[in-house]
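Before anything else, here's the structure in question.
A, B, ... follow the sequence lines: proteins, then strands. Residue 1 opens every chain.
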Amino acid sequence: MNIEIEDLAKEFGTTRALHPVSLFIPSGALVALLGPSGSGKTTLLRVLGGLEFPTSGRVLFGGQDATDLSVQERRAGFVFQSYALFKHMTVFENIAYGLRARPRKERPTEVEIGRRVDRLLDLIQLPDIGPRYPNQLSGGQRQRVALARALAIEPRMLLLDEPFGALDAKVRKELRQGLREIHDRTGLTTVFVTHDQEEAMELADLVVVMSMGRIEQVGKPADIRAKPASDFVREFTAA
Amino acid sequence: MRAGILRSPSPLPGFGLSFGIMVTVLSIVVLLPIGALLGRGLMIGPGDVWDMVNSRRIWSALTLSFRAALIASLFNLVFGLLLAWVLVRYRFWGRRLVDAAVDLPFALPTAVAGIALSALYAPNGVFGQALAPLGITVAYTELGIWVALVFIGFPFVVRTVQPVIEELEPDLEEVSATLGARRMYTLRRVILPTLTPALLTGFALALARSVGEYGSVIFIAGNIPNLTEIAPLLIVIRLEEYNYDAAAAIGIAMLVISFAMLLVINIIQTWSRRRIGLV
Amino acid sequence: MSDNTLSRPVPVTTEPPVARAALIGLAILFVALFLFAPLVTVFAEALAEGWRGVRAALSLPDARAAIGMTLTIAAIAVPLNAVFGIAAAWAIAKFDFTGKAFLITLIDLPFSVSPVVAGLMLVLLFGANSTLGGWFIANDMPIVFAYPGILLATLFVTFPFVARELIPVMIEQGPAEEEAALTLGASGWRTFFTVTLPNIRWALLYGVLLCNARAMGEFGAVAVVSGKIRGETATMPTMVEMFYNEYLSVAAFSLAAVLAMLALLTLLLKSLLEWRHADLLAATRRH
């Protein structure tokens, strides 16, 4: 599903987190929102996910206006930097959460829920951790469980906020590959936020460089390296 | 003096002095009196203690104290959660005043609360008159005891749950919403379980306080034997009759109830720390 | 849908405005009915016969004596508890020793004991027909129905207040600053007064405040131990009871109003401390 962002602006009181920005994300792309802290990248992601509502402008999912769609109706799989796993639930219950939260008419049967959770645990290559609690998992495992939980609701897109931010360098590399594989398998339009230019360049099909609430440049990693649109982009993507 | 105390070495001075003061004061003020009560029980003999407690009037008093405390604490559990939530999550005019007022029962002497509640709910009091047409009599009935215990136990749940709500990560609620959960579902399945250990602790504290409460209750209760006579009052009555053995027997029964509840509080805290990592 | 601003979804981490208003209303109603109403009643009943009634009540010799008694008891009990609290917190927070958890449980114990039972314990320990009590009486130092008994009862019920406020704060601060002071050549006492005490002063004040409120207001334990002898061992709360039982309503509520004013002062100071120095107080509190 493609995503269109039209003249989107967001103000918190008197501060402008996003100047009007426009962006087109093609269906099935893996996109990085790259920028330093305070560049507006997380705000943009949260607006897409329905966690913030824009001051002006529109968001369209597959050509349909989604600006005023509530977060529940958006079906955007959102992975938080902290993973936000429910500590009082097992991994299985965490992943099943979105399915069980549905109104009774749309809720799958217990058997079906079990089947789907097992399939997702296979997808993240942790088939045996269903009965465990989040406290008993490593950082990398938690991140993958958060990803599986977001995928369980059959999202229309995948939104990830600094998905590798809380991990050490070695695990980071492994999980980058993991995200790439899951993206390719599911074909979901995927947007992730990062401040790490190497991560963005290595993983994304399309990189959106942001600064001070504005989009500085949109392009393929190679093009941004070769032809930076501004001094900011050149400096930020150097090395 | 440090023999028998396995202490890791530390460069700081004053362990002997501070430990000595602590143990001395603890012994004189707390342990010796408790020992006196338990010792009295042993002198009377457990069988005789049981016989003395095992009368209709005392059982009525003990069950009344416990039942009223349980009902009042359940009430406080609900309203304590409500207050804590409203105080942390919402901004409204007078919030700080309400926040400060929550501690009023801690600061106001129980006897003062007792006579105030009694005056308020007496048949000619403001609330008493308002409730009379509805056929509700609060003063001199068990209902009056509930009201007094609600007053006394109210701050416990609020003050135990409030810091936990303050530290809830917004991520948890947001992620629940992105997974399609309605607000009520999030409150029920995510927020409430996270608050449960703190709620239970606050509940247990309120319960422990209410079971032994005396000052705020006796003025409004009417103190009719077998009906509205609480256990602590019965101790006072026995003491005024110089029947120390009977008073000690009731005291031991109450102490056992208190210790049992203290044990439960500790078990809850250990359990919640292991399970969720916060209290 | 997008053209209708009223249909804009509410932020996800709060309840709909209607629910919010209802919950706030319910909370304020509860506080007004259950907490404010009794407080207002105290002052209203005290002023039933105007200021003159209050003044007359407070100049009764029994009332005067009770006020003096309560102030004296608090003036002795609170500093004693502060010293105990500091000593306990120092030993528990700065050192590791076996049995620490058990000691903390013991310090908390008085919270779980009914005040009346506390009074009963002291009567059994020091009463006329106990060995210890007999000895004290023989030596002309009666404890029960006398001054020392009231003091002990007050110490018992206020026992944990200062210690349990200081222990978490001192644990959080750790021994590093004191160790640094020692390496710089400061003596133990100097370290305590120049490093430790400034670090814990707000928490100490907070604990003392709560301790004082309870010391002045304690009823059950003191009622049992004091014998409520007018002009001799009656404290303010027990005098309130006696006036009330004699249908001296204005006198009872006037004395109660003085206690209520003290409670309000306590709450005010406590709130100020919480707003100004929240970071230096213990994070979670149980009373």
Handout entry: Interface residue of largest heavy-atom contact number with chain B, from C/Val224, C/Val117, C/Ile24, under 4.5 Å
Key = C/Ile24
Exercise for the section: Would you mind telling me which of B/Ile235, B/Thr110, B/Val30 has the largest number of heavy-atom pairs within less than 4.5 Å of chain C? Expected result: B/Val30
Practice task
Would you indicate whether the side-chain heavy atoms of B/Val86 and C/Phe30 approach each other to under 4.5 Å?
Solution key: no
Fill in the blank from the handout: Turns out that what part of B/Leu255 lies under 4.5 Å from chain C's heavy atoms comes down to side chain
Completion exercise
What one should report as the nearest heavy-atom pair of C/Ser114 and B/Pro232 is OG-CG, 4.1 Å
Problem - chain C contact via B/Leu233 - side chain, backbone, both or neither, heavy atoms under 4.5 Å - result: neither
Exercise for the section: Taking the side chain as every heavy atom from C-beta outward, state whether B/Leu205 and C/Phe111 have any atom pair closer than 4.5 Å. Expected result: no
Practice task
Give, as side chain, backbone, both or neither, the part of C/Leu106 having an atom under 4.5 angstrom from any heavy atom of chain B.
Solution key: both
Problem - Flag side-chain contact, heavy atom, 4.5 Å: C/Phe84 against B/Val29 - result: no
Completion exercise
Cut-off 4.5 Å, heavy atoms of chain B, and the answer for C/Thr41 is side chain
Practice task
Sort B/Pro105 into side chain, backbone, both or neither according to what part of it lies under 4.5 angstrom from a heavy atom of chain C.
Solution key: side chain
Handout entry: Validation row: C/Tyr244, B/Phe219 side chains within 4.5 angstrom (heavy atoms)
Key = yes
Problem - Largest heavy-atom contact set with chain C, pairs under 4.5 Å, which of B/Leu37, B/Ile115, B/Val25, B/Asp99 - result: B/Ile115
Exercise for the section: Could you grab the distance from atom CG of B/Leu38 to atom CE of C/Met121, nearest 0.5 Å is fine? Expected result: 7.0 Å
Exercise for the section: To the nearest 0.5 angstrom, please state how far the CG atom of C/Leu120 sits from the CD1 atom of B/Ile250. Expected result: 9.0 Å
Exercise for the section: Please find out if less than 6.0 Å separates the ring center of C/Phe95 from that of B/Phe19. Expected result: no
Fill in the blank from the handout: Which of B/Phe75, B/Tyr121, B/Phe79, B/Trp146 passes ring-ring contact (aromatic ring centres under 6.0 Å, His included) with C/Phe34? It is B/Phe75
Completion exercise
Residues C/Ala87 and B/Ser18: closest non-hydrogen pair is O-CB, 3.3 Å
Problem - Nearest heavy atoms of B/Ala111 and C/Pro237, plus distance in Å - result: CB-O, 4.0 Å
Practice task
Could you tell me whether the side chain of C/Leu109 reaches within less than 4.5 Å of the side chain of B/Ile34, counting heavy atoms only?
Solution key: yes
Fill in the blank from the handout: When the 4.5 angstrom heavy-atom criterion is applied to C/Glu45 and chain B, the contacting part is side chain
Exercise for the section: For C/Leu124 and B/Ala248, work out which heavy atoms get closest and say how close. Expected result: CD1-CB, 3.9 Å
Problem - Closest approach of C/Pro115 to B/Gly212 (non-hydrogen atoms, all atoms of both residues) - result: CD-O, 3.7 Å
Practice task
Assess whether atom OH of B/Tyr242 is packed by more than 12 heavy atoms of other residues, nucleotides or ligands within 6.0 Å.
Solution key: no
Practice task
Indicate yes or no: at least one non-hydrogen side-chain atom of B/Leu108 is less than 4.5 angstrom from one of C/Leu259.
Solution key: no
Exercise for the section: Kindly indicate whether the side chain of B/Phe127, heavy atoms from C-beta on, has any atom under 4.5 Å from the side chain of C/Leu33. Expected result: yes
Problem - Toward chain C, the part of B/Ala119 with a non-hydrogen atom under 4.5 Å - result: both
Exercise for the section: Measure B/Leu12 against the heavy atoms of chain C and call it side chain, backbone, both or neither at under 4.5 Å. Expected result: both
Handout entry: Reported CZ-to-CD distance for the pair B/Arg96 and C/Glu274, which is rounded to 0.5 angstrom
Key = 10.5 Å
Handout entry: Side-chain donor-acceptor pair present, C/Ser130, B/Tyr244, cut-off under 3.5 Å
Key = no
Handout entry: Per-residue contact mode, B/Leu32 against chain C (heavy atom under 4.5 angstrom)
Key = both
Problem - Pick from B/Tyr90, B/Phe151, B/Trp85 with the largest number of heavy-atom pairs that fall under 4.5 Å of chain C - result: B/Tyr90
Completion exercise
Assert top hit (heavy-atom pairs under 4.5 Å, partner chain B, pool C/Thr266, C/Leu152, C/Leu182, C/Val240) equals C/Leu182
Problem - Residue, of B/Ala101, B/Ala208, B/Gly39, that accumulates the most heavy atom pairs under 4.5 Å with chain C - result: B/Ala101
Fill in the blank from the handout: Applying a strict 4.5 Å limit to non-hydrogen atoms, the region of B/Leu239 in contact with chain C is side chain
Problem - B/Val126 versus chain C, the contacting section by heavy-atom distance below 4.5 Å - result: neither
Problem - Region of C/Pro110 in contact with chain B, defined by heavy-atom distances below 4.5 Å - result: side chain
Completion exercise
side chain to side chain contact (heavy atoms under 4.5 Å, CB included) with B/Leu83: of C/Leu23, C/Ile28, C/Val31, only one passes, and it is C/Val31
Problem - Largest heavy-atom contact set with chain C, pairs under 4.5 Å, which of B/Ser176, B/Gly125, B/Ser118 - result: B/Ser118
Completion exercise
To the nearest 0.5 Å, atom CH2 of C/Trp90 lies from atom CD1 of B/Ile21 at 12.0 Å
Completion exercise
Output for pair (B/Leu207 CG, C/Ser112 OG), nearest 0.5 Å, gives 10.5 Å
Practice task
State, with a plain yes or no, whether a side-chain heavy atom of B/Met22 is found less than 4.5 Å away from one of C/Ile92.
Solution key: yes
Completion exercise
dist C/Phe159:CZ -> B/Leu26:CG (nearest 0.5 Å) comes out at 4.5 Å
Exercise for the section: Specify the closest pair of heavy atoms between B/Ala116 and C/Val42, including all atoms of both residues, with the distance to one decimal. Expected result: CB-CG2, 3.6 Å
